[in-house]
Every structure is written in C-alpha cells, then in structure tokens.
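Proteins come first, then strands; the chains are lettered A, B, ... in the order of their sequence lines, and each starts at number 1. Values in this document were obtained by computation on a predicted structure and should not be read as measured data.
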Amino acid sequence: MFDIKLIRENPDLVRAGLKTRHSPVDISAVLDLDERRRAAITEGDRLKAARNEISKKIGELKKAGQDTAEIQRQTREMGEKIAALDASVREIEEAQRKLVLAIPNLPHESVPSGEDAMDNVVVREWGHKKTFAFPPKDHVALGEALGLFDFERAARMSGAGFPLFTGPGARLERALIQFMLDLHTAKHGYTEVSPPHVVTTATMTGTGQLPKMADDMYHVPVDDLWLIPTAEVPVTNIYREEIIREPLPIKLVAHTPCFRREAGSAGKETRGLIRVHQFDKVELVKFVPPGTSYDELEKLVGDATDVLEKLGLTYRVLQLCSGDMSFAAAKCYDLELWAPGFNGWLEVSSCSNFEAFQARRAGIRWKNAEGKTEFVHTLNGSGVALPRLVVAILENGQQEDGSVVLPEALRPYMGGIDRLVPKK
RNA sequence: GGAGAGAUGGCUGAGUGGCCGAAAGCAACGGUUUGCUAAACCGUCGUACUGGUAAUAACCGGUACCGAGGGUUCGAAUCCCUCUCUCUCCGCCA
C-alpha cells in the first residue's frame, strides 16, 4: 500500500511514477479525501477534548452533591455531534483506503521504463544452450517414457492441470525440494518454516493478492479460507501487525504447494508441466532494514541462481520493465531456464523488492538503530518453482536412448542413481 | 461438538464506572559509582492519528487504543451483547 504522506507531500513525484506503470488512479481524489478527513478529525478531537473536560467536572460536582442534569444534557448533544463526525471520518477513510489500495508500487529509479514483457532487459546469461546430435524430445514425451508422471489419470480425479507424479518422478520432486531447502538453510543462512496452506481473507489482503486476484485463487466458502497461490502469502504474514523485536534481516525459506486457477490462460504453453493449477515451490522471504533492501535483492537473486548453477542448468536473468512488474514490486528480476525440448525459456523464479509496500499494508515494523519504529522492507523470490525445473532437468539431461542423466548435486537425494532409464 | 476459565504495555501481573495510558516487578536504554565484570543508585522506557512551533530531526498540545466489533453512560480497561483466539475437562477423530 501507498504511503498517504508521500502522496500528500510529493504528489508530482507519485504522478510521474504511476505514469510509467499505466496506472489510471487519480491522485487528486485521494488528496481531496485526505483534506476532508483531517478537517473532520481536527473538529472531532476538539469536541472530544471539551467533553472530556466537562465529564471530569461532572464527576467533581457530583461528589460535591450538586445537580448536574442540565450540564449532562448539553454534553449528550456534544456526544451526538462527535458520533456523527466519527462516522464521517470512517466513511472518508474507507473511500480513501479503497483508492489507495488500488495504487501500484512506484518503480525504483533503476527500473527501465517500458510497456510490457518485450521491454524487459536481459541482465546476464549463464551456461550455454545445449545442442544435441538428435532431435531433443520435450518433457512430456521423456517423462511418460520414464514413468515420471501420469497426466491422464490425474485429470480423471482432479481435471486438467493437476499433475500426478509417479515413482521416480515423485522421488525427483522430493529430491529437488530437499536439495533446495538444504542449500538455502545450510549455505545461504535461511531459516526453514512450514506454514499453513490455507489462509484467511485478511492474510490474502496483507500481501496484496486480494482484492485484485480473487478470480485466480481457490476459495473454500464454508470456512471463508483461500488456498495459497505462493508461500509468500503465509510467510510474509508471519509478522503481520507486529513490531519485530528480533534483529534484521530475517531470512525465511518455505516449501509449500501453490494453487492457482490460472483463469483464462488455457491453450498455449500449458502442455504437461509448463502451467499447472497445483505445483510445489521453495520460496525465499526476507524482512530487512530499509536502507539495505536493494543489496538484499541482489543477494536473493544470487541465492536462487545458485540452485540453478549447482544443477548445471542454463539460465538467464531478466530485469522487468516498469510496465511488466507486478502490482506490489518496486524492482523485480525473473529467472528463466533454457529448455531444449520446449525450445524456449521458462520462468522458474521471480525475485522482487517490495520496499515498504507490503509492510505498510500488513503493518510489519521494527525498531531501527535510533529506536524509532518504521516499516521494514520485504522481499521474496522463488528458490525455485518445481515443475518447470523438472522440465529443464529432463530436457537438458536427455540422451539419445531416452534416458536422462541427473545433475550430480541431485544424486545423493536420488538414492545415488545417476540417471533415469525408460521403462521396458 | 459440549461445559468452564481467560485475553491489560517487550514479558510477568495489579486494576470492577471519573483520582487509569494504566501500579509493581523483570527486560531494555542513558547516566553515576567502579581496576574489569557484576551489583547498587538515578533517570528514560507503548502505538497510531492529528494540531502548532519548526519544514522531513526536535519540541509542545489534543485524540484514540487495555483481543476485535457494537451497546449503555455526561464519562468505560472496568457494565451489557456479538465474534475471534488461548487454556482446562468431556466427546469424536486422523
């Protein structure tokens, strides 16, 4: 959420920033409401102060045995005026909040301005695109021959987009999860958490998924609970409405399933594991002192790419342009894996600095070195998402005979085997 | 699911209508003392909104907040209602 004070004090800066994001929000409506709100508060506070004074006097008069009926009647009238003012403050605040919640975060000055994904910038590429002496197969053909998953039976029980991993495929998922958790906890200094997979409406609003993304999420109406689309939601909300007393930065890593309806994205690029309704993901979340968040973002990207490098996978880092960034982000990098069978890049991670945008929305603060309370900066990034990682491992490791050579780092987690071999 | 108890500041915990933004203790921070550590003593020690002086530090004032929301009252931490959560017992069940 946006800081109303920033809007009040630097309206032009805010207008300029929003322009690069094509936000239709009208700041002057927010400013107008702000002025009315403050006027109502000032008047209400003045009346309350007077009432408190008189109430105190009534107590004293009563103690002295004097009649206070008339004075009480007058004070009651004040009470009615106060109630009316309070009500109008609430009304104005609600209207203002609605407007402010719809304002996206301002892009950081280092973010290139642009319209859409076409204007994203490739920051760097790691590894080389593998060439094959035979036509490479895609992950669906490979995986089915290897007995890694069964899309048909899965569709029968849950509909399309809910993968069933089988045998070595299920093992591969578990191995990757464990490999990534171990790497992030042992080497990168993250603390592992395992959060709830369903959350309340308030929690979804804290990280910004609601109200905007309601149609993209699974909802359980009887209990009014939502299935998480990413671990970012429960993990960032761990400190909702808190003043953090522990030293920063706090670095958390969580493995959870993620549920996404992906409404309206049927068709292209949905084959096999490319886009699914349920997938597992290892997510990194950081709470950091404001001055350090951009350094922490670079480190976060490094933590995620370390996973890819350890697995020997070719990747590239994209910096998103202003027009392609998500609602809450101030700066964002996407990580994409090269998939030879798919013959394209697959996004497996998105690493963002939200600055204080989420923290303000969720009320996450800390005491800085001067003892002042301020909002923290939050960051998160996938470290990384599973299904497309599996796609890349299969398609990059494939051999002419249909077997798949596993990355060395993964073998200890696969019971020591070095390759997956087709079923007879 | 049933019965009961509870929710107060970073923590423990007093407070049943005005003298309570809230005792006391602990922790924390600043200082004095000290050869160091410790102890002792003194002081500071919630959050948000808002007005003014001052221009994003600081200072002075006001308001609100004692789980959340509503009500009674001139006045609510305190009385009433609803909800949420925690604990104990019973039931049920992975």
Return the value, rounded to whole Å, for the distance between atom [atom1] of [X] and atom [atom2] of [N].
| X | N | atom1 | atom2 | result |
| --- | --- | --- | --- | --- |
| A:Glu242 | B:G9 | CD | P | 13 Å |
| A:Ile244 | B:G10 | CD1 | P | 14 Å |
| A:Ile364 | B:A48 | CD1 | P | 15 Å |
| A:Arg245 | B:C45 | CZ | P | 15 Å |

Where the side chain of A:Asn237 meets the backbone of A:Thr203, is there a donor-acceptor pair that is under 3.5 Å apart?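 It does hold such a pair.
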What donor-acceptor contacts under 3.5 angstrom involve side-chain atoms of residues 244-254 of chain A, with partners at least two apart or in another chain?
residue: A:Glu246; atom: OE1; partner: A:Tyr239; partner atom: OH; Å: 3.3
residue: A:Glu246; atom: OE2; partner: A:Tyr239; partner atom: OH; Å: 3.3
residue: A:Lys251; atom: NZ; partner: A:His188; partner atom: O; Å: 2.7

[X]-[Y] side chain donor-acceptor pair, cut-off 3.5 Å:
| X | Y | result |
| --- | --- | --- |
| A:Asp306 | A:His184 | no |
| A:Thr373 | A:Arg365 | no |
| A:Asp280 | A:His255 | yes |

Point to revise | P gap between B:A27 and B:G15, integer Å | key: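 Rounded to whole Å, the distance is 24 Å.
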How far does the C1' atom of B:A77 sit from the matching atom of B:G18, given to the nearest Å?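 Result for the C1' pair: 13 Å, nearest Å.
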Side chain to side chain donor-acceptor pair (under 3.5 Å) with A:Glu347: which residues, sequence neighbours excluded?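 Expected list: none.
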Can you list the stems that include RNA chain B, where a stem is three or more consecutive Watson-Crick or G-U pairs with distances under 3.5 Å?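 Listed by first number, the stems are B:1-7 with B:84-90, B:10-12 with B:24-26, B:28-32 with B:40-44, B:46-53 with B:58-65, B:67-71 with B:79-83.
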Counting primed atoms, P, OP1 and OP2 as sugar-phosphate and everything else as base, the B/S/- map of nucleotides 50-84 of chain B against protein heavy atoms under 4.0 Å is SS----------BSS---------BS---------
Identify all side-chain donor-acceptor contacts of residues 88-95 of chain A below 3.5 Å with residues at least two apart in sequence or on another chain.
residue: A:Ser88; atom: OG; partner: A:Leu85; partner atom: O; Å: 3.1
residue: A:Glu93; atom: OE2; partner: A:Arg37; partner atom: NE; Å: 3.3

Please list all pairs passing the side-chain hydrogen bond (donor to acceptor under 3.5 Å, both in side chains) test where one or both residues lie in residues 380-398 of chain A, with sequence neighbours left out.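 Qualifying pairs: A:Glu232-A:Asn380.
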Any base atoms under 4.0 Å from A:Thr373, or only sugar-phosphate, or nothing? Heavy atoms, all strands.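 Answer is sugar-phosphate: A:Thr373 comes under 4.0 Å of backbone atoms only.
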